[in-house]
Structures are given as structure tokens and as C-alpha cells.
Enquirer: 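Questions regarding the structure given below will be posed in turn.
Every heavy atom of this structure was used, including side-chain atoms; hydrogens, water molecules and symmetry mates were not. Computed from a prediction, not measured in an experiment: that's the story for all the values here.
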Amino acid sequence: MRKFPIMALTVASMLSLTGTATAATTAADPVKHPKLIANPLYEAGALPATTCDEPPVKRNNRKLARAYIDAIVACLDTTWEQHLTAAGLPFSKPKVRHVDKLPKTYCGMKIDSGDSLTYYCDRTNTMIFQVGKTWLNDPSDMWLLSTVTYMYGYHVQKLVGIADALDVVPARTKAAGRELGRRGNLQNECLSGAFIKSVWPLKGRTTKDWTYLQSIQEGDAPGEARWYGKRANVVAWTKRGFATGDPGSCNTWAAPSSKVA
């Protein structure tokens, strides 16, 4: 079983969720902030159909994996620029960095252990990748594609104001804060699915590849902090985005708590 990729919340969100809120209210079911539940992103329609060619990747070849990541980010840039600008929403490309080893802290965040890591820093709009043996063991499946498209969701959330809105939503308890985090992360799963749908079918891919990707998805492990959601919800939101190809179907903020548990 493939290990669930270690990913970080945006800095603003991380501070909001781990700090102590001064407001007297707490996260509601559903969340009430208009930038979260009624964001213009949800009214912009389905993502435009575009073509995205996956470069070749080989087992244990970091150079090819990095080139693959860069190519997928370029595809994401093309799709999201067209989509957001057509809707009158702001767009700018994220920066992409590749490192052999992340420092112990990055962008104000303590870095997790692991050989394969990726983070998004909303201070600099940068996606940073540490590609190691876990991701290089079998990079020919759709896992790396899913990881990159998921991480790009943080950038989209920043562009359309979701990240900033999340920063000001009060979370009086640790449990409420983690639910907010799961809503954001599960939205990224859905946005990832929507993007993949917009470039589907990918050359050389079949439905079996998509089905296999869902079979290796994982959620929060027992005993760990619950930031990502249980496996069933991770798969459900990914499939939802793929089924519609529409970010409007990715409104996790208006979903009941059971759907983001």
C-alpha cells in the first residue's frame, strides 16, 4: 500500500487552525463564511477541456520525476488561467522548487519526516517538492499526477480568497480546527479530480489507471491527527470532482460534518 503523501496546509491556515481563536463562536456545520460557501469559483462552471501530455517517468529516476512535475504544473497553469480569467477571477502562476532535502522548518512550518514531501507556501506562492524513493518506487501510475494536482489546489484556494477566509474563521477547539483543515484538504482532492477530468482521457491511460489510483488512496491513519479525512471521504470527493469536472461540485464547506470526517 502506498503511503499517503505528506502535505501541509497553507501557512495562514496552519496558524489559524493551531492557534487559539479570540472569537466566541466556533466552526459551524456547515461553515458560514461567504468566501468559503459561496465563492465565485463555484459559479464559474466546469474546467475547460484541454490536452495534457504526461512526460515519461522511470523508477528511481529523480530527474525525470522532476521534469514530470514541472510539465503537469504547466498543464495546470494553462487550465486554471483560462478558467479563472474567464470568470473574472485573479490568476498568477505558482513558483515551483525542487530540493534534495527540505530544511527542518520551511515557510514557518515544521517539516515532517519522510523521503518524499511537498508543501505549498502561501507567503511566496511556492510549491516545493522533495522527491524521494517512496514516490520513485513506481512513478508510472497516477499517484504523482494526483499529488501535483492536489497541491495546486492550495494555490487555487489562495487565488480565489478561500485560504484567506479560512484564516479568519474562528475555531475554538482543536477538533473544530481540524475539521476546517479537512474541509480544505478534501476540497483539494475534489479539485484534483476535476482537473484530471478536464484533461481526460490522458494518452496511454485507461479507466483501470483511474480505478487503481482510488484503490491506493489513504486517509488519516488511526491514532494520527485527523487533517485529511477518512479514506472513504477522500475517495468520494476525488470521484466527485472527476465525475463533474466542475469546481462547483467541490464545496466541502457547505457539506455536513459526516462528509468531511
Enquirer: Grouping I, L, V, M, F, W and Y whenever their side-chain heavy atoms are under 4.5 Å apart, do Val235 and Met142 come out in a common cluster?
Expert: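 No, no single cluster joins them.
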Enquirer: Would you check if Lys35 and Asp164 make a side-chain contact, meaning some heavy-atom pair closer than 4.5 Å?
Expert: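 No - every pair of side-chain heavy atoms lies 4.5 Å or more apart.
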Enquirer: Do Val99 and Met109 share a hydrophobic cluster (ILVMFWY, side-chain heavy atoms under 4.5 Å, transitive)?
Expert: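 In one cluster with Val99: Met109, yes.
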Enquirer: Which value, rounded to the nearest 0.5 Å, describes the distance between Arg182 atom CZ and Tyr228 atom OH?
Expert: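 Rounded to the nearest 0.5 Å, the CZ-OH separation comes out at 12.5 Å.
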Enquirer: Side-chain contact test, heavy atoms from C-beta onward, threshold under 4.5 Å: evaluate it for Val168 versus His33 and give yes or no.
Expert: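 Sidechains of His33 and Val168: in contact.
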Enquirer: With a 4.5 Å heavy-atom cut-off, do Val96 and Asp70 have their side chains touching?
Expert: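 Answer yes - side chains close enough.
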Enquirer: Within this structure, what is the CD-CG distance for the pair Gln130 and Asp115, rounded to the nearest 0.5 Å?
Expert: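 Atom-to-atom, Gln130:CD and Asp115:CG are 7.0 Å apart.
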Enquirer: Taking all non-hydrogen atoms of both residues, which atom of Pro247 and which atom of Leu191 are closest, and how far apart?
Expert: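 Nearest heavy atoms, Pro247 then Leu191: CB-CD2, 3.8 Å.
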Enquirer: Between Arg231 and Asp220, is there a salt bridge with N-O shorter than 4.0 Å?
Expert: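 No.
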Enquirer: Within a strict 4.5 Å, meaning less than it, do heavy atoms of the Val160 and Pro40 side chains meet?
Expert: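 SC-SC contact between Val160 and Pro40 ruled out.
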Enquirer: So, do Leu36 and Asn251 sit near enough that their side-chain heavy atoms are less than 4.5 Å apart?
Expert: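 Side-chain contact under 4.5 Å: no.
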Enquirer: For Ser215 and Tyr212, indicate whether the former's side chain and the latter's backbone hold a donor-acceptor pair under 3.5 Å.
Expert: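 Such a contact is found between Ser215 side chain and Tyr212 backbone.
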Enquirer: Side-chain contact, heavy-atom cut-off 4.5 Å: Leu186 with Val234?
Expert: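 Of all side-chain heavy-atom pairs linking Val234 with Leu186, at least one is under 4.5 Å.
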Enquirer: What pairs of residues pass the ring-ring contact (aromatic ring centres under 6.0 Å, His included) test when at least one of them lies in residues 48-78, not counting sequence neighbours?
Expert: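 For residues 48-78, and leaving out neighbouring residues, there are no ring-ring contact (aromatic ring centres under 6.0 Å, His included) pairs at all.
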Enquirer: Measuring from atom NZ of Lys95 to atom NE2 of His155, what distance do you get when rounded to the nearest 0.5 angstrom?
Expert: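 Separation between the atoms: 9.0 Å.
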Enquirer: Starting from Val131, can I reach Leu64 by hopping between I/L/V/M/F/W/Y residues whose side chains sit under 4.5 Å apart?
Expert: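 Leu64 and Val131: separate clusters.
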Enquirer: Pairs in or reaching into residues 135-226: which pass disulfide bond (SG atoms under 2.5 Å apart), with residues at least two apart or in two chains?
Expert: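 For residues 135-226: Cys190-Cys250.
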Enquirer: Quick one: list whatever passes salt bridge (Lys or Arg N to Asp or Glu O under 4.0 Å) with Asp209, sequence neighbours left out.
Expert: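 Salt bridge (Lys or Arg N to Asp or Glu O under 4.0 Å) list for Asp209, sorted by chain: Arg205.
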Enquirer: With sequence neighbours left out, what residues match Tyr42 under ring pair (Phe, Tyr, Trp, His ring centres under 6.0 Å)?
Expert: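 None.
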Enquirer: Walk me through it: do Tyr119 and Thr126 pass the test side chain to side chain contact (heavy atoms under 4.5 Å, CB included)?
Expert: CA-CA 8 Å; Tyr119 288 81; Thr126 300; over 6 Å; no
Enquirer: What distance separates Glu218 CD from Lys230 NZ, expressed to the nearest 0.5 Å?
Expert: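 That separation rounds to 16.0 Å.
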Enquirer: With sequence neighbours left out, what residues match Asn125 under side chain to side chain donor-acceptor pair (under 3.5 Å)?
Expert: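 Checked Asn125 against side chain to side chain donor-acceptor pair (under 3.5 Å); matches are Tyr120.
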Enquirer: Could you check if a side-chain atom of Trp227 sits within less than 4.5 angstrom of a side-chain atom of Asn185, using non-hydrogen atoms only?
Expert: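 Side chain of Trp227 against side chain of Asn185, heavy atoms only: contact under 4.5 Å found.
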Enquirer: Filter on ring-ring contact (aromatic ring centres under 6.0 Å, His included), then keep only pairs touching residues 160-209, sequence neighbours left out; what's left?
Expert: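 The answer is Trp200-Phe242.
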Enquirer: Tell me, which pairs form a salt bridge (charged side-chain N to carboxylate O under 4.0 Å, His left out) where one or both residues lie in residues 252-261, sequence neighbours left out?
Expert: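 Salt bridge (charged side-chain N to carboxylate O under 4.0 Å, His left out) check on residues 252-261 returns no pairs.
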Enquirer: How far apart are the closest heavy atoms of Pro94 and Met127, and which atoms are they?
Expert: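 That closest heavy-atom pairing would be CG-SD, 4.0 Å.
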Enquirer: Going by atom type alone, with no hydrogens or angles, which donor-acceptor pairs under 3.5 Å involve a side-chain atom of residues 72-81 and a protein atom two or more places apart or on another chain?
Expert:
| unit_1 | atom_1 | unit_2 | atom_2 | d |
| --- | --- | --- | --- | --- |
| Asp77 | OD1 | Tyr152 | OH | 2.6 |
| Thr78 | OG1 | Ala74 | O | 3.2 |
| Thr79 | OG1 | Thr50 | OG1 | 3.1 |
| Thr79 | OG1 | Cys75 | O | 3.3 |

Enquirer: Looking only at heavy atoms, which two atoms of Ile37 and Ala254 are closest? And how far apart?
Expert: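 Minimum heavy-atom contact is CG2-N, 4.2 Å.
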Enquirer: Do the non-hydrogen side-chain atoms of Leu136 and Asn61 ever get within less than 4.5 Å of each other?
Expert: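 No - every pair of side-chain heavy atoms lies 4.5 Å or more apart.
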Enquirer: Name all residues meeting the salt bridge (Lys or Arg N to Asp or Glu O under 4.0 Å) criterion together with Arg62; count only those two or more places apart in sequence or in a different chain, and write none if there are none.
Expert: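 Listed in chain order: Asp100.
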Enquirer: If you round to the nearest 0.5 Å, how far is SG of Cys52 from CG of Leu145?
Expert: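 Those atoms lie 7.0 Å apart.
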Enquirer: Please report the shortest heavy-atom distance between Trp237 and Ser249, naming the atom on each side.
Expert: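 Closest pair (atom of Trp237, atom of Ser249, distance): CZ3-O, 3.5 Å.
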Enquirer: For Ser192, which residues count as a side chain to side chain donor-acceptor pair (under 3.5 Å) partner, sequence neighbours excluded?
Expert: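 For Ser192, the residues satisfying side chain to side chain donor-acceptor pair (under 3.5 Å) (neighbours in sequence not counted) are Thr149.
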Enquirer: If the condition is side chain to side chain donor-acceptor pair (under 3.5 Å), which residues does Ser140 pass it with, not counting sequence neighbours?
Expert: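 In terms of side chain to side chain donor-acceptor pair (under 3.5 Å), with neighbours along the sequence ignored, Ser140 is linked to Asp138.
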Enquirer: Show every salt bridge (charged side-chain N to carboxylate O under 4.0 Å, His left out) that has at least one partner inside residues 234-249, sequence neighbours left out.
Expert: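 Pairs touching residues 234-249 that pass the test: none.
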Enquirer: For Val260 and Glu179, what are the C-alpha separation, side-chain angles and deciding distance, and is it a side chain to side chain contact (heavy atoms under 4.5 Å, CB included)?
Expert: CA-CA 7 Å; Val260 294; Glu179 179 175 311; 4.2 Å; yes
Enquirer: Atom CG in Leu213, atom CG in Leu144: separation rounded to 0.5 Å?
Expert: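 Rounded to the nearest 0.5 Å, the CG-CG separation comes to 11.0 Å.
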Enquirer: Counting only N and O atoms by type, is there a donor-acceptor contact under 3.5 Å from the side chain of Gln157 to the main-chain atoms of Gly184?
Expert: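 Checked: pair present.
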Enquirer: Go through the steps for Trp253 and Val169 under the test side chain to side chain contact (heavy atoms under 4.5 Å, CB included), then give the verdict.
Expert: CA-CA 11 Å; Trp253 311 101; Val169 172; over 6 Å; no
Enquirer: For residues Ala255 and Arg183, report the shortest heavy-atom separation together with the two atoms involved.
Expert: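 Looking at all heavy atoms of both residues, the shortest contact is O-NH1, 2.8 Å.
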Enquirer: Look at the side-chain heavy atoms of Ile, Leu, Val, Met, Phe, Trp and Tyr, link any pair under 4.5 Å apart, and say whether Phe91 and Val199 land in one connected group.
Expert: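 Same cluster.
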Enquirer: Hey, mind stepping through Trp210 and Ile196 against side chain to side chain contact (heavy atoms under 4.5 Å, CB included) and telling me if it holds?
Expert: CA-CA 10 Å; Trp210 173 253; Ile196 294 173; 3.9 Å; yes
Enquirer: Minimum heavy-atom separation for Asn233 and Ala261, please, with both atom names.
Expert: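 Between these two residues, the closest heavy atoms are ND2-O, 3.1 Å.
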